Each structure stands twice: as structure tokens, then as C-alpha cells.
Peer 1: 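Dropping the structure in here first, questions after.
Counting begins at 1 with the first residue of the sequence. All figures in this text were calculated on a predicted structure; none of them were measured in a lab. Atoms considered below: every heavy atom in the structure, side chains included; atoms not considered: hydrogens, waters and symmetry mates.
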Amino acid sequence: SLSFKVSSVPSILAGINIDLFFNEILKDMTALNKNKTSELIIDRLKQASCKAAVKAGNNLNKLEIETLFDKMQQSNMTLLCPHGRPVVVEVTRKEMDKWFKRIL
């Protein structure tokens with residue numbers, strides 16, 4: 001029988017149901033061998049972070065936007081989502097000038 005003690009979680013995961021999270025992992029682990037356990041945990045963490053993430057179409061107020069940018073600047077946050085897509089892109093002045101038909 002396995003037992004776990006969770007003494008802390010990253011603040012980004014503070015809103016998830018820890019009991020449910022680990023119960024789902026343990027349920028899946030019974031069908032897997034030990035070599036795949038870490039892959040399963042990583043996959044579940046990615047799913048949880050994706051569900052908690054700000055997504056396209058979400059309406060954020062000014063304070064939420066400022067808080068998000070502050071967290072991004074203060075942390076060592078990766079600039080990729082759990083699926084490997086970029087969360088930040090650089091737009092050059094030349095590209096913007098093309099959008100507004102200032103240059104061809």
C-alpha cells in the first residue's frame with residue numbers, strides 16, 4: 001500500500017482539489033508499471049495547469065492583467081504553455097506598420 005503526505009503545493013496549483021488530483025493519479029497508477037508513474041504525474045500536472053490557465057476569450061479586468069504581468073516578470077515562468085505553445089510573442093515595429101498599411 002502506498003501513502004503520500006502533501007506538505008505544500010506550488011501557488012499556481014493552490015486552487016485544485018488535491019485529494020481528487022492524487023486519487024485520479026493513484027487510480028491510473030494501478031494499471032501502469034512503475035516506469036510510467038512519473039510520466040503520469042507530469043501529464044496530470046499539465047492537465048491541472050491547463051484547466052487553471054487564462055485562455056483565449058477570457059475577459060480579464062485591469063487588476064487581473066497587471067497581476068498576471070507582475071507574476072510573469074517576478075517568476076522564472078516559462079513562456080510556453082503546457083502543450084508547448086508560446087504565451088508571448090514579439091511583434092516588430094515593421095510588422096505593425098504593415099498591419100496599418102504604413103508600409104507594403
Peer 1: Shared ILVMFWY cluster between V87 and F69, side chains joined below 4.5 angstrom?
Peer 2: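 Shared cluster, yes.
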Peer 1: Could you report the tightest heavy-atom contact between N59 and E64, atom names first, then the distance?
Peer 2: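 Looks like O-OE1, 4.1 Å.
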Peer 1: Got a second to check how far L68's CG is from N58's CG, nearest 0.5 Å?
Peer 2: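 One gets 10.5 Å once the value is rounded to the nearest 0.5 Å.
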Peer 1: Let me confirm one number: the CG-CD1 distance from D70 to I65, rounded to the nearest 0.5 Å.
Peer 2: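 It is 12.0 Å, given to the nearest 0.5 Å.
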Peer 1: Could I get the full list of side chain to side chain donor-acceptor pair (under 3.5 Å) partners for E90, not counting sequence neighbours?
Peer 2: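 If we apply the side chain to side chain donor-acceptor pair (under 3.5 Å) test to E90, skipping adjacent residues, there are no hits.
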Peer 1: Can you tell me if E95 uses its side chain to pair, donor with acceptor, with the backbone of T92 under 3.5 Å?
Peer 2: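 Judged by distance alone, yes, a pair lies under 3.5 Å.
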